[in-house]
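Below: the structure, in structure tokens.
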Amino acid sequence: MPADQAAGLRRRSARQPVSCIHCFSESTGSSVRLAHALHQMGHESLLVDTQGRLFADATTRSLFDWRRQLERGQLHTLSQPYGKGWYAPGLQADEPALHGVMLAYDHVIFDAGWCGAGLGLRPDAVHAVTIEIRHRDESMRHAYAVLKTLAQRARVSCVGLLGDPGACERVRVACCRFLGQGFADVLFRAENEDDAFAVLAVRMAGEETSLRACK
């Protein structure tokens, strides 16, 4: 086992559940900026390219797709300034074979694009989300649908709302009204993406601290 994976397993052995972060954004750089924010706090992340838009042009891509890599137990990850990247278009977070992989990292970030292939929610994980909302009814409806799924099915540490301020506020108000105050408390909106990612990184670190304290 590589040294960095062994170190990750030792880190994760002291805190459960694993940390999944789902990034819904039309921008291809949002998930990368989040990974950098976490790295600056000393956290090791695996950024999963579920839409094939981040690492499709990598010259060192594996001949095997992600399913075959999981079967072989040999992921072909790409070294990045913030940790590791993994080209895995179509992968969802609830893929059973992912559990062992996730234990090697502080966070696993899923670049889900805008609509993505679905929101796979692991029962053994704590989930965080960044979601970019545009001033369009379609965008607000999709954002609310994602958040409603999270509120009903997952343990959620924080949700960062990005994009048009008015659209974000309308979605936030709908969540407060229909999804309960407990879920509304994890929502936050920042004026720009860099602020949102910095806040998300701090909140994820706080969530891990509380998990360790409860053990």
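Keep in mind it's a predicted model, so treat the numbers as computed, not measured.
Of the possible donor and acceptor atoms, one in the side chain of Gln69 sits under 3.5 Å from a partner among the backbone N and O of His76. Formation of a donor-acceptor pair under 3.5 Å by the His127 side chain with backbone atoms of Arg122 is found in this model. In terms of modelled atom types and a separation under 3.5 Å, the side chain of Ser30 and the main chain of Glu26 share no donor-acceptor contact.
The heavy-atom pair separating Arg134 from Ser139 by the smallest distance is N-OG, 2.8 Å. Taking both residues in full, the closest heavy atoms of Val156 and Leu150 are given as CG2-O, 3.8 Å, listed atom of the first, atom of the second, then distance. In terms of heavy-atom proximity, Gly120 sits nearest to Gln92 at N-OE1, 3.4 Å. In this structure, Asp164 and Gly166 approach most closely via the heavy-atom pair OD2-N, 3.1 Å. Taking both residues in full, the closest heavy atoms of Cys23 and Ile109 are given as SG-CG2, 3.8 Å, listed atom of the first, atom of the second, then distance. Taking all atoms of both residues into account, the shortest heavy-atom contact from Tyr87 to Gly52 is CE1-CA, 3.7 Å.
Arg53 and Gln51 share no donor-acceptor pair across their side chains, judged by distance under 3.5 Å alone. Defined by atom type and a distance below 3.5 Å, a donor-acceptor pair is present between the side-chain atoms of His107 and Ser19. Judged by distance alone, the side chains of Trp66 and Glu95 never bring a donor and an acceptor atom under 3.5 Å apart. A donor-acceptor pair shorter than 3.5 Å cannot be found between the side chains of Lys84 and Ser45.
Between Val48 and Val108 the shortest side-chain heavy-atom distance falls below 4.5 Å. Within the 4.5 Å cutoff, the side chain of Leu91 has heavy atoms near those of the Leu98 side chain. Contact of the Ile133 side chain with the Leu161 side chain is registered, since non-hydrogen atoms from C-beta on lie closer than 4.5 Å.
Checked against side chain to side chain donor-acceptor pair (under 3.5 Å), Arg153 has no partners two or more places apart in sequence or in another chain. Remark: Ala151 pairs with Leu179, Phe183 by the side chain to side chain contact (heavy atoms under 4.5 Å, CB included) rule, at least two apart or across chains.
Atom CZ in Phe24 sits 12.5 Å away from atom CG in Leu162 (nearest 0.5 Å). For the atom pair CG (Leu47) and NE2 (His36), the distance works out to 9.5 Å, reported to the nearest 0.5 Å. To the nearest 0.5 Å, atom CG of residue Asp106 and atom NE2 of residue His39 are 11.5 Å apart. Separation of atoms CZ (Arg170) and CG (Asp137) is listed at 6.0 Å; rounding is to 0.5 Å. We find the CD-OH distance between Glu44 and Tyr82 to be 11.0 Å, quoted to the nearest 0.5 Å. Of the inter-residue distances, the one linking Ile131 atom CD1 with His22 atom NE2 reads 11.5 Å to the nearest 0.5 angstrom.
Ion pair Arg33/Glu132 not flagged as a salt bridge, since none of the NZ, NE, NH1 or NH2 atoms sits closer than 4.0 Å to an Asp/Glu carboxylate oxygen. Salt bridge absent: Glu138 and Arg141 never bring a charged side-chain N and a carboxylate O closer than 4.0 Å.
Phe178 is connected to Leu187 through a chain of hydrophobic side-chain contacts under 4.5 Å among Ile, Leu, Val, Met, Phe, Trp and Tyr, so both are in one cluster.
Applying the side-chain contact (heavy atoms from CB on, under 4.5 Å) test between Trp86 and each of Leu75, Asp49, Leu54 identifies Leu75 as the sole match.
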